[in-house]
Amino acid sequence: MKRLIALTTAAAFALTAVTATPAAAWGKNEQQALSAIVGLAILGTIINQASNSKAQPAPSRPSHNPAPPRDDRWEQRSIWLPGSCVRSVRINSRSRDVVSAQCLRDEGVTARLPSSCAFDIRTDWGTQRVYGTSCLADSGFRVSRR
């Protein structure tokens with residue numbers, strides 16, 4: 001665009017001296033040269049405008065009311081954990097779903113889980129590290145179905 005403006009300005013300065021002379025006093029060659037220069041300047045302007053303006057198709061109107069676009073940001077940020085690692089345990093006389101850390105390691109999950117969701121429980125096989133499912137969900141982790 002800057003080159004076009006510079007070219008047009010230079011052509012205007014060049015033509016100023018030429019146009020000061022009456023057109024009737026010019027010979028046929030000068031008149032043809034002037035018309036060629038003006039024609040090229042107009043052609044350059046048209047080409048420049050055509051290349052700068054991107055042709056945008058007219059928006060098509062659907063014949064029915066489409067559903068609003070889905071917000072997939074939750075799925076994109078979520079890390080899925082295998083549902084087979086969910087265990088139901090009894091804590092303080094309440095049943096609670098937890099995710100077993102040992103099972104996640106066995107399943108090959110390498111995501112770092114938040115330590116604020118982790119706690120230890122006593123089982124028949126010793127102490128086991130587990131994660132609360134609601135805390136994991138609040139932190140962006142989702143558990144697949146079993």
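Just so we're clear, the structure is a prediction, and the values are computed from it rather than from any experiment.
Leu81 contributes atom CG, which lies 10.5 Å from atom OG1 of Thr133 (distance to the nearest 0.5 angstrom). For the atom pair OG of Ser139 and CZ of Arg142, the computed distance is 14.0 Å after rounding to the nearest 0.5 Å. Atom CG of residue Leu104 and atom OG1 of residue Thr110 lie 10.5 Å apart, to the nearest 0.5 angstrom. Interatomic distance, Thr123 OG1 to Gln102 CD, rounded to the nearest 0.5 Å: 11.0 Å.
Residues in residues 103-118 take part in no salt bridge (Lys or Arg N to Asp or Glu O under 4.0 Å) pair, two or more places apart or across chains.
Pro114 has its side chain within reach of Leu136: a pair of non-hydrogen atoms, C-beta onward, lies under 4.5 Å apart. Considering only heavy atoms from C-beta on, Ile91 comes within 4.5 Å of Phe119 through its side chain.
With sequence neighbours excluded, no residue satisfies side chain to side chain donor-acceptor pair (under 3.5 Å) with Arg96. In this view, Ser95 and Ser88, Arg90 satisfy the side-chain contact (heavy atoms from CB on, under 4.5 Å) rule, not counting sequence neighbours. Scanning for side-chain contact (heavy atoms from CB on, under 4.5 Å) contacts around Ala36 gives an empty result, with sequence neighbours left out.
Taking hydrophobic clusters as Ile, Leu, Val, Met, Phe, Trp and Tyr residues chained together by side-chain heavy-atom distances below 4.5 Å, Leu40 does not share a cluster with Val38. Under the 4.5 Å side-chain heavy-atom criterion for ILVMFWY residues, no single connected hydrophobic cluster contains both Val98 and Val143.
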For residues 124-131, run the donor-acceptor check on the side chains, cut-off 3.5 Å, and write out each pair with its distance to 0.1 Å, sequence neighbours left out.
from: Gln128; atom 1: NE2; to: Ser100; atom 2: OG; distance (Å): 3.0
from: Arg129; atom 1: NE; to: Asp120; atom 2: OD1; distance (Å): 3.0

